[in-house]
2 protein chains.
Amino acid sequence: MEFAKKPRQSQQERSALTRNKLLNSTLQIIDAEGWHRASMQRICEHAGVSRGAQTHHFPTRESLLIASVREIVKRYQSDLTEGPIRLQNLEAFFDFLWDATFNDNLLICWVEAMVAARTDASLKRVVADTDASSMTAMRALGAEASQPNGPVRIRGTSQVEDLVELTVCLLRGLVLQQGVHHDLSEKRRLFELWTRIVAEVA
Amino acid sequence: MEFAKKPRQSQQERSALTRNKLLNSTLQIIDAEGWHRASMQRICEHAGVSRGAQTHHFPTRESLLIASVREIVKRYQSDLTEGPIRLQNLEAFFDFLWDATFNDNLLICWVEAMVAARTDASLKRVVADTDASSMTAMRALGAEASQPNGPVRIRGTSQVEDLVELTVCLLRGLVLQQGVHHDLSEKRRLFELWTRIVAEVA
DNA sequence: TAATTTACAAACAGTCTGGTCTGTTTTTTT
DNA sequence: AAAAAAACAGACCAGACTGTTTGTAAATTA
């Protein structure tokens with residue numbers, strides 16, 4: 001019969017909790033219903049958070065969506081870096097990228113964000129920045145994977161890095177198509193063809 | 001001082017005119033402001049067509065957008081078929097695809113449509129169908145370009161055709177990125193690398 | 001020319017959205 | 001314990017959107 005009289009949750013905990021609930025719901029709704037249908041009301045309803053609480057943390061819709069964009073790349077980056085730290089070769093790295101692309105809904109959300117950002121100046125800045133840094137990280141990872149022994153890199157642009165960037169763009173194109181044609185194995189087949197071709201030249 | 005008393009325009013002409021005005025404005029607005037901001041009011045205003053006239057030709061927003069989707073592929077197809085009928089090799093064909101991709105705004109509109117269709121069942125059907133037929137046509141064109149002498153094709157899927165599909169997906173990924181990063185020459189460089197690699201194996 | 005159909009015009013109703021505003025509860029500070 | 005601040009709750013409003021409806025002008029048909 002003893003209840004703690006001291007606060008059950010600190011302000012920090014409360015804040016972080018609802019903030020995360022909102023971000024999670026935002027990503028889920030973007031994935032399930034598309035960017036433009038991710039309205040505040042729908043997000044709040046889905047998250048079980050009141051409109052007022054949402055206003056407190058994200059005063060405008062733009063602020064919430066920008067935070068979501070940042071959340072996407074943050075998670076994607078941690079997928080990449082927490083993953084297999086040592087990749088033997090480029091093919092293994094490409095396989096890894098494939099998994100990171102199609103195993104969760106992050107990249108779909110990212111594509112939605114890129115399309116939305118195209119016609120939204122303030123969003124475009126954020127997406128462009130985060131995308132550039134993310135792309136740089138992937139290029140570096142790919143270069144490292146293709147040449148595991150060389151720890152020091154001199155040039156900012158090698159052919160391997162370009163191949164990584166091409167592969168990322170290709171994967172995004174495949175994601176785009178996956179949204180309409182749901183045959184994933186067909187895309188897998190195509191991607192393996194590409195992987196084989198690249199392995200030959202790299 | 002003589003004015004024709006007979007009708008200046010036939011019904012057919014009037015219909016076709018406003019219909020085209022609406023479709024053109026729709027595509028322009030999708031390109032400039034994005035799919036979800038292409039509202040009936042904005043489109044009518046831009047086209048100089050009254051809300052009532054629009055209602056007469058396209059009773060619902062969905063019907064107008066679906067007609068626009070069909071218009072996109074129709075124009076894209078005519079770009080492809082009216083273009084250089086005889087392409088010498090695959091590289092020339094890829095260059096041709098590059099031009100068709102970045103010379104007008106059709107592919108941006110198409111990417112917007114694909115993203116919108118992902119979360120819109122009825123739109124998805126249309127986009128999936130038109131995309132499939134369009135893709136088939138491009139695969140065939142590519143196969144023809146790579147082997148100009150063989151008029152008869154037996155298999156439905158050759159490696160060359162797969163390479164064409166990969167290239168189309170890549171170009172879409174590049175379009176996606178072009179919406180956010182506006183450096184086209186960088187993408188051109190990457191695409192030429194791609195072309196060199198792919199043409200080697202074909 | 002008269003009747004009918006097609007094309008166009010504009011107002012209206014109902015819904016949804018984002019931002020604001022006022023008030024309440026919970027935690028922290030004094 | 002009292003005061004202050006942070007987190008939360010929900011009503012409200014002005015604007016935008018789609019679809020409908022009623023009415024008018026132009027073209028076609030009888």
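Below, all heavy atoms of this structure are taken into account, side chains as well, without hydrogens, waters or symmetry copies. First the proteins, then the strands, lettered A, B, ... as listed; each starts at 1.
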Among dA7(C), dG19(D), dG18(C), the one nearest any side-chain atom of Arg51(B) is dG19(D)
Do the side-chain N or O atoms of Ser50(A) get closer than 4.0 angstrom to the phosphate oxygens (OP1, OP2) of dC8(D)?
no
Would you indicate which nucleotide in dC8(C), dT27(C), dG18(C) comes nearest to any side-chain atom of Arg61(A)?
dG18(C)
State whether Thr18(B) places a side-chain N or O below 4.0 Å from either non-bridging phosphate oxygen (OP1 or OP2) of dC8(C).
yes
Given dC8(D), is OP1 or OP2 found less than 4.0 Å from the side-chain N or O atoms of His57(A)?
yes
Would you call Arg118(A) and Asp31(B) a salt bridge, taking side-chain N to carboxylate O under 4.0 Å as the test?
yes
Can a side chain N or O of Ser10(A) be found less than 4.0 Å away from OP1 or OP2 on dT27(C)?
no
Please tell me which of the listed nucleotides, dC8(D), dG18(C), dC8(C), lies nearest to the side chain of Arg14(B)?
dC8(C)
Of the nucleotides dA9(D), dA7(D), dT17(C), which one has an atom closest to the side chain of Gln11(A)?
dA7(D)
Tell me: CD of Gln41(A) to P of dA11(D), nearest whole Å?
13 Å
So, His57(B) and Lys21(B): side-chain donor and acceptor under 3.5 Å apart, yes or no?
no
Among dT28(C), dA7(C), dT20(C), which is the nearest nucleotide to the side chain of Thr55(A)?
dT20(C)
Assign each of Ser39(B) and Ala53(A) to its nearest nucleotide of DNA chain D by heavy atoms, then name whichever residue's nucleotide is nearer the 5' end.
Ala53(A)
Most 5' of Arg37(A) and Gly48(B) on DNA chain C, judged by nearest nucleotide:
Gly48(B)
Charged N to carboxylate O under 4.0 angstrom, Arg189(A) versus Glu186(A)?
yes
Is it true that Trp98(A) and Phe94(A) have ring centroids separated by less than 6.0 Å?
no
Compare the minimum distances between each of dA9(D), dG18(C), dA7(D) and the side chain of His56(A), then state the nucleotide with the smallest one.
dA7(D)
